[in-house]
Number of protein chains: 2
Amino acid sequence: MVQEQSRSEKTRELIINSARKVFLEKGYAETSTRNIADVAGITQPAMYHHFNDKEAVYLEVVNRVGKDVREVIGQGVLKPRLQPLNRIDEITKNLFDIHPKGVGIFIHESYAHLSPAGQRKLGMLYRMYYLDPLTGYFNLPEVKLRKEVLPDEAADILIYSLNAMFSSFYRIGGQSISTRDKGKLSLRLILFGIAEEPDEQ
Amino acid sequence: MVQEQSRSEKTRELIINSARKVFLEKGYAETSTRNIADVAGITQPAMYHHFNDKEAVYLEVVNRVGKDVREVIGQGVLKPRLQPLNRIDEITKNLFDIHPKGVGIFIHESYAHLSPAGQRKLGMLYRMYYLDPLTGYFNLPEVKLRKEVLPDEAADILIYSLNAMFSSFYRIGGQSISTRDKGKLSLRLILFGIAEEPDEQ
DNA sequence: GTCTATAGATAGATAGAC
DNA sequence: GTCTATCTATCTATAGAC
């Protein structure tokens with residue numbers, strides 16, 4: 001069942017892996033097709049033999065990265081020995097191992113630069129690989145959400161809030177949360193909020 | 001004391017106000033100097049008589065917008081008749097009246113496209129006009145923060161989390177929180193978190 | 001299948017006439 | 001002070017030789 005990889009397939013994989021590095025680091029708009037070709041060690045037009053356009057390369061990369069994301073979230077959910085808070089802490093740690101500059105620069109900031117069809121596809125991949133697996137975590141019986149929050153809303157909010165925590169801009173206003181322990185502390189703030197809840201609103 | 005405005009000063013104001021509209025809507029990178037000039041009804045090179053470069057126009061706009069932001073936050077803080085939650089709700093509402101596409105597209109996404117000097121200045125303005133006034137709210141004696149959160153951290157987290165809530169990308173995964181009441185609900189999630197806190201961690 | 005060459009678009013910024 | 005014309009750089013994508 002192991003198929004020999006043709007030269008074309010090898011080059012295609014090389015392009016995808018090179019593009020993965022650059023897109024994860026700089027996002028869609030700031031990545032040029034020459035950047036990708038340079039990392040791959042081919043000329044820029046050669047890329048167009050393997051892909052229709054830049055968008056097709058990006059969406060294939062999102063598909064590959066997304067599968068890894070789904071995998072690490074799924075592994076984190078299925079660790080019954082760990083407390084729920086330690087499990088979600090491990091999930092976010094693995095999420096940022098995959099996205100060195102955060103999820104936002106890779107997914108959210110790319111959206112506006114895609115064609116309408118590309119935007120629909122990106123939305124689909126984001127839901128399938130990021131939101132749905134995290135919804136699985138918040139659906140665990142031992143994870144207690146605040147009563148007005150639905151599991152898929154919690155997943156969405158968590159990813160967006162994490163974006164914020166790991167933004168490089170986070171430091172420009174002076175020393176801030178990112179200079180302290182980014183992991184556990186940030187996560188507690190997102191999960192449990194920043195303020196004391198008033199007795200009755 | 002009322003000084004007559006010269007023709008040059010009027011044109012400069014016209015450019016700033018035109019740029020303000022476009023930068024708030026599209027952010028720094030997606031705004032071209034021709035966009036600004038078109039809105040102002042002048043040619044693109046004419047802009048360069050009044051400003052050294054695109055960055056100078058942007059930073060002047062941030063300064064103007066920032067003053068308005070400081071103003072609405074300050075007004076919100078000083079409303080002792082309102083409950084704290086209603087006050088912060090009013091503050092965020094006014095914040096998004098000023099930023100129709102959210103604070104992120106105007107401030108945070110612009111950062112990477114500026115010169116080092118511009119980045120330092122933007123960081124300074126962001127702290128002065130956004131973070132410090134909000135820190136004032138979280139310093140109010142009647143606002144109770146969770147014990148591990150400092151007031152300036154709370155300010156930073158609030159702005160970043162609000163970014164997320166109002167991102168246009170927020171909808172692509174299907175119907176989500178943004179289709180419900182964006183205001184009070186989102187704010188409660190940021191302030192008080194999404195999860196029930198475990199009895200002891 | 002990959003290359004060189006280049007088309008075609010758009011960006012920020014400058015030169016110089018008026 | 002504003003204009004027309006243009007420079008320079010960069011980008012995505014294509015044409016066509018090899």
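Every chain is numbered from 1, with letters handed out A, B, ... down the list of sequences.
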Rounded distance in Å - [atom1] ([X]) to [atom2] ([N]):
X	N	atom1	atom2	answer
B:Asp38	C:dT10	CG	P	13 Å
B:Met47	C:dA11	CE	P	13 Å
A:Tyr48	D:dA15	OH	P	13 Å
B:Lys54	C:dT14	NZ	P	15 Å
A:Gln44	C:dG8	CD	C1'	14 Å
A:Asn35	D:dT10	CG	P	12 Å
B:Glu55	C:dA13	CD	P	9 Å
B:His113	D:dT10	NE2	C1'	14 Å

Next on the checklist: Among residues 5-31 of chain B, which ones have heavy-atom contacts with DNA chain C below 4.0 Å?
Outcome noted: B:Thr31
Item to check | Nucleotide of C:dA13, C:dT14, D:dT12 approaching B:Pro45 most closely (side-chain heavy atoms) | outcome: C:dT14
Item to check | Side chain of A:Arg34 - closest among C:dT6, C:dG12, D:dT2 | outcome: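 Minimum distance to the A:Arg34 side chain belongs to C:dT6.
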Next on the checklist: Just N and O in the side chain of A:Thr43: are any of them under 4.0 Å from OP1 or OP2 of C:dC3?
Outcome noted: yes
Checklist entry - Just to confirm, is there a sub-4.0 Å distance from OP1 or OP2 of C:dG1 to any side-chain nitrogen or oxygen of A:His49? => result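 Yes, such a contact exists.
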Item to check | Test item: side-chain donor near acceptor, A:Lys79 and A:Asn86, under 3.5 Å | outcome: no
Next on the checklist: Regarding B:Asn63 and B:Tyr129, do their side chains bring together a donor and an acceptor under 3.5 Å, going by distance alone?
Outcome noted: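 Side-chain D/A pair, B:Asn63 to B:Tyr129: present.
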Return all side-chain donor-acceptor pairs below 3.5 angstrom for residues 46-53 of chain A, not counting sequence neighbours, or 'none' if the list is empty.
unit_1: A:Asp53; atom_1: OD1; unit_2: A:Glu55; atom_2: N; d: 3.4
unit_1: A:Asp53; atom_1: OD1; unit_2: A:Ala56; atom_2: N; d: 3.0

Checklist outcome for this item: Applying side chain to side chain donor-acceptor pair (under 3.5 Å) to B:Glu71 and not counting sequence neighbours gives B:Gln75
Checklist entry - Are B:Tyr28 and B:His108 close enough that their ring centres sit under 6.0 Å apart? => result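 No.
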Next on the checklist: Aromatic contact between A:His99 and A:Phe23, with the criterion being ring centroids under 6.0 Å apart: yes or no?
Outcome noted: no
Item to check | Member of B:Val39, B:Val61, B:Val57 meeting the side-chain contact (heavy atoms from CB on, under 4.5 Å) criterion with B:Val22 | outcome: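 That would be B:Val39; it is the only one of B:Val39, B:Val61, B:Val57 passing the side-chain contact (heavy atoms from CB on, under 4.5 Å) with B:Val22.
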Next on the checklist: Base, sugar-phosphate or nothing for B:Ser32? Non-hydrogen atoms, less than 4.0 Å.
Outcome noted: sugar-phosphate
